Amino acid sequence: MGGEGPGRSEEGGGGACVTEGAATGGGRGSARAGRAGGSDGAAGGAAGRAAGRPRLDRGLWRALGDLGFFALRVPEADGGVGLGLAEAVLVFEEAGRALLPGPLVATHLAAGAVPGAATGETVVAAVDGGLVEWLAEADAVRGDTTGAVPLRSLDPLTPLHRVPAARPAPDPVAVLLTAAEQLGTAGRVCELAAQHARAREQFGRPIGAFQAVAHLCAGILVRAETARAAVYAAAVTADPADIAAARILADEAAVRGARDCLQVHGGMGFTWESEVHLHLKRAWVRTQRAGGVTESEELLAAALAPGTA
């Protein structure tokens with residue numbers, strides 16, 4: 001797969017890597033609905049859809065709107081659910097676990113500001129770190145997309161465009177919700193690795209009995225639970241430094257966890273019958289959102305500097 005980046009340019013024959021850093025590599029009832037219909041159902045269906053050109057399921061989008069996914073943090077007086085950031089994090093974690101496609105973070109943040117976004121009638125995309133997800137399917141776009149260039153996305157379920165416009169400062173809420181999606185991926189690949197390690201046998205024993213495989217599974221779990229503590233804490237404090245730390249840990253848990261899960265599955269993990277490789281590709285694409293992990297590292301370093309002098 002070469003470099004760990006989300007896409008390749010379709011200009012000039014389609015071989016050039018994405019520039020400017022993009023080739024170096026978002027209510028409880030809603031959460032339960034995502035878990036019930038998602039972890040096996042939505043992710044399994046995602047593997048089947050990935051072979052074709054990605055098209056946004058408008059019926060799914062409206063169903064998410066009916067469940068209050070996008071209007072979760074909109075005040076009840078304005079027709080929303082009236083919950084907070086902590087509840088949104090739980091819902092987006094389930095979205096990441098289920099590999100839900102579409103510009104979820106952008107539409108959620110646009111609820112209450114863009115007509116129809118809160119109900120799922122309007123699909124909203126946003127310029128984010130020089131990239132735009134699902135631009136061709138969007139009804140509204142936040143940011144300047146002049147000169148947008150389509151990319152061949154590494155994730156077959158996330159079409160991308162590159163834009164030359166200046167990159168605005170990342171929204172901390174967008175960073176945290178992306179971290180929550182990464183956390184969902186980390187939790188899901190941990191489950192998949194453990195299930196396969198128990199079921200797959202070699203030399204008359206489950207492969208999970210072998211130390212090398214057991215250590216891979218243990219590492220996936222440790223990183224996922226460490227990221228969970230950080231993401232949940234940031235959802236409560238909403239402190240920019242806490243959000244930056246959560247994003248760093250969640251990115252690592254998702255990417256390394258998916259890679260190790262792929263290692264546990266072996267060649268089967270690359271097949272279209274498996275969702276493992278899709279989790280890895282989606283995690284790679286998410287690492288480029290909101291300025292990338294470097295932005296979070298610099299913010300966290302600046303916050304820690306006075307106390308370490």
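Model, not experiment: these values are computed from the prediction.
- With sequence neighbours left out, the salt bridge (charged side-chain N to carboxylate O under 4.0 Å, His left out) criterion links D251 to R247.
- Side-chain contact check for L160 versus P150: every heavy-atom pair is 4.5 Å or farther apart.
- Proximity of a side-chain donor or acceptor of D239 to a complementary backbone N or O of D242 within less than 3.5 Å is detected.
- A donor-acceptor pair under 3.5 Å links the side-chain atoms of H277 to the main chain of T271, judged by distance alone.
- For the atom pair L131 CG and R162 CZ, the distance stands at 8.5 Å (nearest 0.5 Å).
- Connection of L85 to L104 is established within a shared hydrophobic cluster, with ILVMFWY side chains joined at heavy-atom distances below 4.5 Å, either directly or through further cluster members.
- For residues 56-70, the pairs satisfying salt bridge (charged side-chain N to carboxylate O under 4.0 Å, His left out) are R58-D139, with sequence neighbours left out.
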Practice problem: Apply salt bridge (charged side-chain N to carboxylate O under 4.0 Å, His left out) to E191 and R97, showing your working. | Solution: CA-CA 10 Å; E191 295 171 359; R97 180 190 299 271; 2.6 Å; yes
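- With a 4.5 Å cut-off on side-chain heavy atoms, K281 and V285 do not count as touching.
- Judged by distance alone, the side chain of E225 and the main-chain N or O of V222 form no donor-acceptor pair under 3.5 Å.
- Residue T146 comes nearest to P164 through the heavy atom pair O-CD, 3.3 Å, listed as atom of the first residue, atom of the second, then distance.
- Between A193 and C261, the closest heavy-atom pair is N-SG, 3.8 Å.
- Nearest heavy atom pair, residue V89 against residue A235, reads CG2-CB, 3.7 Å.
- Between L72 atom CG and L67 atom CG the span is 10.5 Å, to the nearest 0.5 Å.
- Counting heavy atoms from C-beta on, the side chains of I248 and L300 come closer than 4.5 Å.
- The two residues V81 and E76 come nearest to each other via the heavy atoms O-CG, 3.4 Å.
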Quiz prompt | side-chain contact (heavy atoms from CB on, under 4.5 Å) between R282 and L99, intermediate numbers included | solution = CA-CA 8 Å; R282 183 71 61 83; L99 275 176; 3.9 Å; yes
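- Proximity of a side-chain donor or acceptor of Q182 to a complementary backbone N or O of A283 within less than 3.5 Å is detected.
- Both F270 and L192 sit in one connected hydrophobic cluster of ILVMFWY residues. Membership requires side-chain heavy atoms under 4.5 Å apart, directly or through other members.
- Considering CG of L176 and CD1 of I243, their distance stands at 5.0 Å, rounded to 0.5 Å.
- Note on V91: it clusters hydrophobically with V231, by side-chain heavy-atom contacts below 4.5 Å among ILVMFWY residues.
- Residues satisfying the side-chain contact (heavy atoms from CB on, under 4.5 Å) test with R256, not counting sequence neighbours, are R223, E252.
- Of the possible donor and acceptor atoms, one in the side chain of T107 sits under 3.5 Å from a partner among the backbone N and O of P103.
- Hydrophobic clustering keeps V276 apart from I207 (ILVMFWY residues linked when any side-chain heavy atoms are closer than 4.5 Å, directly or through intermediates).
- A single hydrophobic cluster is not seen to contain both V189 and L221; linkage of ILVMFWY side chains at heavy-atom distances under 4.5 Å, directly or through other members, places them apart.
- Taking the ring centroids of H108 and F92, they lie under the 6.0 Å cut-off.
- The other residues sharing a hydrophobic cluster with V114 are V124, where clustering joins ILVMFWY side chains under 4.5 Å apart.
- Among residues two or more places apart in sequence or in another chain, the ring-ring contact (aromatic ring centres under 6.0 Å, His included) test is passed with W61 by F70.
- For H161, the ring-ring contact (aromatic ring centres under 6.0 Å, His included) criterion is met by no residue, not counting sequence neighbours.
- C217 and V264 make their closest contact through SG-CG2, 4.3 Å (heavy atoms, listed as atom of the first residue, atom of the second, distance).
- R286 and T158 share no side-chain donor-acceptor pair at under 3.5 Å.
- Across all their heavy atoms, P159 and S153 have their closest contact at CA-CB, 4.4 Å.
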